[in-house]
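Just below is one structure, and these are the notes that go with it.
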2 protein chains.
Amino acid sequence: MSTTAMKDEDPRPALSRQRVVQAAIQHADSAGLDGLTMRKVAEMLQAAPMSLYRHVSNRDDLIDAMIDVLFGEIALPLGSAHWKTAMRDRALSLRDLLARHRWAIGLMESRRRPGPANLRHHDAVIGKLRSAGFDVEMVAHAYSVLDGYIYGFALTRMSIPFDTTDEMAAMAQDMFEPWPANDYPNLAEFVTDHVMKPGYDYREEFEYGLDLILNGLEEALAG
Amino acid sequence: MSTTAMKDEDPRPALSRQRVVQAAIQHADSAGLDGLTMRKVAEMLQAAPMSLYRHVSNRDDLIDAMIDVLFGEIALPLGSAHWKTAMRDRALSLRDLLARHRWAIGLMESRRRPGPANLRHHDAVIGKLRSAGFDVEMVAHAYSVLDGYIYGFALTRMSIPFDTTDEMAAMAQDMFEPWPANDYPNLAEFVTDHVMKPGYDYREEFEYGLDLILNGLEEALAG
DNA sequence: ACCTGAACACCGTTCAAGT
DNA sequence: ACCTGAACACCGTTCAAGT
């Protein structure tokens, strides 16, 4: 086997900014933001830690790039749909993105160097609202309450990694165990009657609040 | 100067769990969660890093304790006030807490070992809603949309550390600088006409969304 | 009894050296 | 031109030793 014959099967294709960023996203998805280390990403790519620095200037720059890739994945509110439909679809798309990439929740709206996909996304949302009759002040209200809710719901209500009611019950048990049984009667009732009931689905819960907010905005726009 | 005479002025009072936790909160307030290291907290207390481990079992245990102190600072919805007033006051109190302790935003609702102040707080909120006529399902809806909004607003809209319009303008300038001037016309208009206008106040913006949500819940409760 | 120094297995990143 | 090993200044935490 000559060295030229092996070229096609090289297990180490050349590094590129895109490959580094993709590997980093994949690793953050499974290991979280704390687990995202330059050394681990390099290991995934079978490269030395220092090799990454040819393609990203440092860990922050890598994170900036990762976030802009995610912004590119959110459904844009384009086309002729009603603003409510467009905002609803965009909210569900963003919620799903944040569920797939939990590490990104606190990073999406705090970039000091927003990338082109980030700017393009926000430009499209604002454009959709403006052309639907929202004035600048109402755009600010709508954006603030919608994104507040979407990111906050992702942060506070989607953290439970359990699929079954049994696992849910076990977790609730662990949380209460250290404390006297009847100190928190309202909380106990709530957990028993609601959270641990089969069929609890965060998607339905998310849409309840989303529609409440969209209806409130519609009333404000008309009034 | 005898050694006994110096006792009263000992610059290193005995360590305690409470002192460790208080120092850690103070340090996180100024240095953020990344800056919160066992070694820095020890330094603040003029102790060796390892001395902290007599009072907290590890960094996670320290954070659990810090969060429960914060829960103890939120105004509880007790007394005979209307549920809407009580929830509004509680939301403003929580928002102010999260503004003072930004490092805590992602930690408050993800504790696997909630402390007594945490449980007590949630018990009081649920109790207030239940006694106002919310059934268990409506409590879930209300809690989900309110806390989603409160934490999400804190996460996405309160991150700007600037007090003056000039600083705001400079930041916006930096963010757009790398990109072609007219690629994002809707965003440009929004930033010019709204964000950079004097008198922009996140407190007013927060209350707009909060009242929209509270009114929506009131309608759902009546309907 | 209470505290802590030395050590270990990690980090991000600089700098100088390899191919 | 492109890549990387050694080194530095940090981490949290274990373990054995100090007072």
Side-chain angles (χ1 to χ4, degrees), chain A residues 2-4 6-7 10-67 103 106-107 110-113, chain B residues 2-4 6-7 10-67 103 106-107 110-113:
Chain A
S2 71
T3 45
T4 36
M6 288 185 70
K7 259 187 188 169
D10 189 340
R12 283 181 44 185
L15 287 181
S16 68
R17 186 174 169 90
Q18 202 197 354
R19 287 194 67 231
V20 170
V21 172
Q22 286 295 351
I25 290 173
Q26 195 183 321
H27 189 65
D29 287 347
S30 64
L33 197 61
D34 285 344
L36 179 74
T37 68
M38 301 301 280
R39 288 162 133 103
K40 288 282 184 195
V41 174
E43 197 181 313
M44 287 177 76
L45 297 166
Q46 296 177 263
M50 279 317 298
S51 302
L52 306 184
Y53 286 83
R54 186 149 298 271
H55 304 98
V56 296
S57 46
N58 51 43
R59 188 171 180 270
D60 265 5
D61 180 46
L62 173 58
I63 288 174
D64 279 346
M66 293 162 74
I67 294 298
W103 53 270
L107 303 175
S110 61
R111 299 302 83 200
R112 294 190 176 283
R113 284 175 170 67
Chain B
S2 73
T3 46
T4 36
M6 289 185 70
K7 260 188 190 168
D10 189 341
R12 283 180 43 183
L15 287 183
S16 69
R17 186 175 170 90
Q18 202 198 352
R19 286 194 67 231
V20 171
V21 173
Q22 286 294 351
I25 290 173
Q26 195 184 321
H27 189 65
D29 287 348
S30 65
L33 197 59
D34 284 345
L36 179 74
T37 67
M38 301 301 281
R39 287 163 133 103
K40 288 283 184 195
V41 174
E43 196 180 312
M44 286 177 77
L45 297 165
Q46 296 177 264
M50 280 315 300
S51 303
L52 306 184
Y53 286 82
R54 186 148 299 273
H55 303 98
V56 295
S57 44
N58 50 44
R59 188 171 180 270
D60 265 6
D61 180 46
L62 172 58
I63 288 174
D64 279 346
M66 292 162 75
I67 294 298
W103 53 271
L107 303 175
S110 60
R111 299 300 84 201
R112 295 189 176 282
R113 284 176 171 67

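Computation of the quantities below employed the complete heavy-atom set of this structure, encompassing side-chain atoms and omitting hydrogens, waters and symmetry-equivalent molecules. Each chain gets a letter, A, B and so on, in the order the sequences are listed, and its residues count up from 1.
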Tell me: [atom1] of [X] to [atom2] of [N], nearest whole Å?
X        : N       : atom1 : atom2 : answer
Ile63(B) : dG12(D) : CD1   : P     : 10 Å
Met38(B) : dT4(C)  : CE    : C1'   : 14 Å
Asp34(B) : dC10(D) : CG    : P     : 16 Å
Arg54(B) : dC15(D) : CZ    : P     : 15 Å
Leu36(B) : dC11(C) : CG    : P     : 20 Å
Leu33(A) : dC11(C) : CG    : C1'   : 14 Å
Lys40(B) : dG12(D) : NZ    : P     : 11 Å
Arg39(B) : dC10(D) : CZ    : P     : 10 Å

Mind checking Thr37(B) for me? I need base, sugar-phosphate or nothing, with any heavy atom below 4.0 Å counting as a touch.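 Touches sugar-phosphate only.
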How about Arg113(B): does its CZ atom have over 12 heavy atoms from other parts shown lying under 6.0 Å from it?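 No, the 6.0 Å shell around CZ holds no more than 12 heavy atoms from other groups.
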Heavy atoms from C-beta onward define the side chain here; which of [options] lies closest to that of [X]?
X        : options                  : answer
Arg59(A) : dC3(D), dT13(D), dG12(C) : dG12(C)
His55(B) : dC3(C), dT13(C), dC15(D) : dC3(C)
Ser51(A) : dT13(D), dT4(D), dT13(C) : dT4(D)
Tyr53(A) : dA6(D), dG12(C), dC2(D)  : dG12(C)

Got a donor-acceptor contact below 3.5 angstrom from the Arg59(A) side chain to the Met38(A) backbone?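 The answer is no, because no donor-acceptor pair under 3.5 Å joins these two groups.
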Determine whether a donor-acceptor pair (N or O, by modelled atom type, separation under 3.5 Å) exists between the side chain of His27(A) and the backbone of Gly35(A).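 Checked: pair present.
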Given that both distances must come in under 3.5 Å, which nucleotide forms a Watson-Crick or G-U wobble pair with dC8(C)?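 Partner of dC8(C): dG12(D).
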If we call it a pair only when both distances are under 3.5 Å in a Watson-Crick or G-U wobble match, what pairs with dG18(C)?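 WC or wobble partner is dC2(D).
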Do the non-hydrogen side-chain atoms of Ile63(B) and Leu36(B) ever get within less than 4.5 Å of each other?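 A side-chain contact under 4.5 Å exists here.
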Output yes when Asp60(A) and Arg112(A) qualify as a salt bridge under the 4.0 Å nitrogen-oxygen rule, no when they do not.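 Between Arg112(A) and Asp60(A) there is no salt bridge, as every charged N stays at least 4.0 Å from the carboxylate O atoms.
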